[in-house]
Visitor: 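The structure's right below; bear with me while I get my questions together.
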There are 2 protein chains.
Amino acid sequence: MNKTIKDIAKLAGVAKSTVSRYLNGGNVSETTKAKIRKVIEETNYEPNSFAQSLKAKKTNFIGVIAPTLDSYVTSTVLMAIDEELRKREYTTLIISTSKHVDREIESLINLSRQKVDGIILISTGITDKHYETIQAISIPVLVVAQEVDAFNCIINDDYQAGFAMGQYMATQGHRSIVYLGVTESDVAVGQKRKQGVLDGLAQAGITDVQTYVSQFDLHNASEVTKKVLETSAPTAIICATDTIAFGAMKTISKLGKKVPDDYSLAGFGGYNISEVIHPTLTTIRFKNEQTGIQAARTIISMTEGEEVQKLQVSGFHFIEGESVKKI
Amino acid sequence: MNKTIKDIAKLAGVAKSTVSRYLNGGNVSETTKAKIRKVIEETNYEPNSFAQSLKAKKTNFIGVIAPTLDSYVTSTVLMAIDEELRKREYTTLIISTSKHVDREIESLINLSRQKVDGIILISTGITDKHYETIQAISIPVLVVAQEVDAFNCIINDDYQAGFAMGQYMATQGHRSIVYLGVTESDVAVGQKRKQGVLDGLAQAGITDVQTYVSQFDLHNASEVTKKVLETSAPTAIICATDTIAFGAMKTISKLGKKVPDDYSLAGFGGYNISEVIHPTLTTIRFKNEQTGIQAARTIISMTEGEEVQKLQVSGFHFIEGESVKKI
DNA sequence: TCACAAATTGGAACCGGTTCCGGATACGTG
DNA sequence: CACGTATCCGGAACCGGTTCCAATTTGTGA
């Protein structure tokens, strides 16, 4: 059985208030300190943080809700958040939702019950239910990757990134282009990024872009690409993520075709694995580390009641690979 | 300010014990139930779980300590653990350590303070300090990926996997082989897997294998490979992980050489991205999902005080890709 | 209608800490 | 040596729940 502060006090021959004071750096004489220290060492005593938090209102835990763990972007952001929070003496608790919206809600409640000081929600879309729940638990919540009016947000500049990609593809001389996107329920990737691409292309006079929808995983992307190529013959395919681009690449090479000779290909993400794949992928890398660091700093400010900028936008840079041919 | 059970009781005109009983399904009359329900709905009341856990000894939270989040293996295992724990009505709290051993210790203590019911430690090596800490916090701990006598463990069969790979490489006719491993402080990968490979090769009479050490990341693996190839000219390189193999592949192609024509290459992992890379990688896939599910089930048994098998070994299967040439 | 059991409820103690308050002791000063 | 002050320490109340126990109310059968 675990020792309590009362046991320690009894063993040291002092009152439990004295032990508590010792633990929290109050006024305790050297001789009593020594006695208490001895007992604590001998018993491996660890204070019960539930009891502590009952009175102290701060736990120094920050919860992070992530849609998945097996994506390059998410894990990079998570690692950066964790690193930065640790520097500020916070502990990060991560919960994964496997992309189930109801689990996001559930996790918000779970974390609030664990009395975390703040929650970073890496989201794929905010619903009314999210809104209600966040209101109900009165804990600061920072939304990452999606833009919502009601909350503080950190987002990628998906529209501009898409725009840049659209423009680039146009300057490379492509006119017959397919866009392989994702569901519109993901506002950032499904809507903004796509709109950016379309507008970037439109600016160059290309308006008849065919768009398709794929899941986020390689396997599905590969299948969708197969269907797409059965009915249309674009010179270039722009994919909403690098993973989707890899899926497309798989299908293309299965069909005995080559990138970029038969089809040009581009993605979004900038995973480091791209360096190994031939041809290297033309893509856009978002500053995921920066997003993570920013998120950590912002949530801390929020827990301290400071005003923070409502909307923060992370940058990106364009990576020109070998997967797009100039026509 | 958040409401407490006392406020609810006052507003409903009953004793707080009655509210508690209502919340936990005790004997409460319909009329009282209705009154309390009404008040709770109006106030958005959420019980303080710290106070709850103070008395109730179970929190239904399981902590998982992972060395990193940006590896295919770790995230796959994590997702599987999470999925299985959720089925059993547990919530998973994940803490990443970024491969710092001291953070593993720190995280064990942090999680014990959060009063999780059990901890799954995905480790890269257990030190004396681990041992002491795990003893001190009296919470069930299950070690995954490393074998330690003192604790319950779930491991991959690294030795057999290595052995299989060694044998295979020998049957393909390779005699001049380099092994690109990792630090021996990682017992499973650094020692057992390597020993398996060496023994597998030795069985075929190949004993003069040169071994080198790389970090786990692509970049470093690429650099080490460069140095290796400056001084030796093997026909095959066996890498301790797929990521290392990708790093080697990068260097090889930078040198204007080809896999498998100039060098045969093999790894361990079986990441799904391998399907996209040409040539596809010959590798060994561990049953990560199975490991995760097993880990979840085992830790639950442990929290319930059941006896569990001291050592559980997960299987693997061999994947023959195009990266090894028959000589 | 009465005795007795079952259902319902309130009060108090408890979980393991923190903190306020007041008394005891030690110390420095005139 | 007496006095004021700073330091140290113990006792008690409190945080927000759960649970035990006893009292009250309700319901049942004879």
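Each chain gets a letter, A, B and so on, in the order its sequence line appears, and its residues count up from 1.
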Visitor: Check this for me, if you would: do A:R88 and A:E84 make a salt bridge, where the nitrogen-to-carboxylate-oxygen distance has to be below 4.0 angstrom?
Guide: yes
Visitor: Rounded off to whole Å, could you give me the NZ-to-P distance for the B:K10 and D:dG16 pair?
Guide: 12 Å
Visitor: Once you apply a heavy-atom cut-off of 4.0 Å, does B:S20 come out as touching a base, just sugar-phosphate, or nothing?
Guide: base
Visitor: Roughly how many Å is it from CD in B:E30 to P in D:dT26, rounded to a whole number?
Guide: 16 Å
Visitor: Could you pick out which residue, A:I5 or A:R21, lies toward the 5' side of DNA chain C when each is mapped onto its nearest nucleotide?
Guide: A:I5
Visitor: Ignoring hydrogens and geometry beyond distance, is the side chain of A:S17 in donor-acceptor contact with the base of D:dG10 at under 3.5 Å?
Guide: yes
Visitor: Applying a 4.0 Å non-hydrogen cut-off, can you work out what A:N27 is touching in the nucleic acid: base, sugar-phosphate, or nothing?
Guide: sugar-phosphate
Visitor: Could you give the NZ-to-C1' distance, from B:K3 to D:dG17, as a whole number of Å?
Guide: 17 Å
Visitor: Just the rounded figure in Å: distance from P of D:dC9 to NZ of A:K33.
Guide: 10 Å
Visitor: The side chain of A:T4 lies closest to which of these nucleotides: C:dG16, D:dC9, D:dG17?
Guide: C:dG16
Visitor: Any chance the side chains of B:S17 and B:R21 put a donor and an acceptor closer than 3.5 Å?
Guide: yes
Visitor: May I ask you to say what A:Y45 touches in the nucleic acid, namely base, sugar-phosphate or nothing, with a heavy-atom cut-off under 4.0 Å?
Guide: sugar-phosphate
Visitor: Look at the side chain of B:K16 against the base of D:dG17 and say whether a donor-acceptor pair falls under 3.5 Å; ignore hydrogens and angles.
Guide: yes
Visitor: Checking A:Y45 against A:V39 for the side chain to side chain contact (heavy atoms under 4.5 Å, CB included) test, could you report, in this order, the C-alpha distance in whole Å, the side-chain angles of both residues, the deciding distance, and whether it holds?
Guide: CA-CA 8 Å; A:Y45 168 72; A:V39 175; over 6 Å; no
Visitor: Could you tell me whether the side chains of B:H100 and B:T97 share a donor-acceptor contact shorter than 3.5 Å?
Guide: no
Visitor: Is A:E30 salt-bridged to A:K33, going by a charged N under 4.0 Å from an acidic O?
Guide: yes
Visitor: Just the rounded figure in Å: distance from P of C:dC15 to NZ of A:K6.
Guide: 6 Å
Visitor: Between D:dT19 atom C1' and B:L23 atom CG, what is the distance in whole Å?
Guide: 14 Å
Visitor: Return the nearest nucleotide to the side chain of B:T32; candidates are D:dC8, C:dT9, D:dG16.
Guide: C:dT9
Visitor: Which whole-number value in Å describes the distance from A:I8 CD1 to C:dG17 P?
Guide: 8 Å
Visitor: Select base, sugar-phosphate, or nothing to describe what B:S29 touches, counting heavy atoms under 4.0 Å on all strands.
Guide: sugar-phosphate
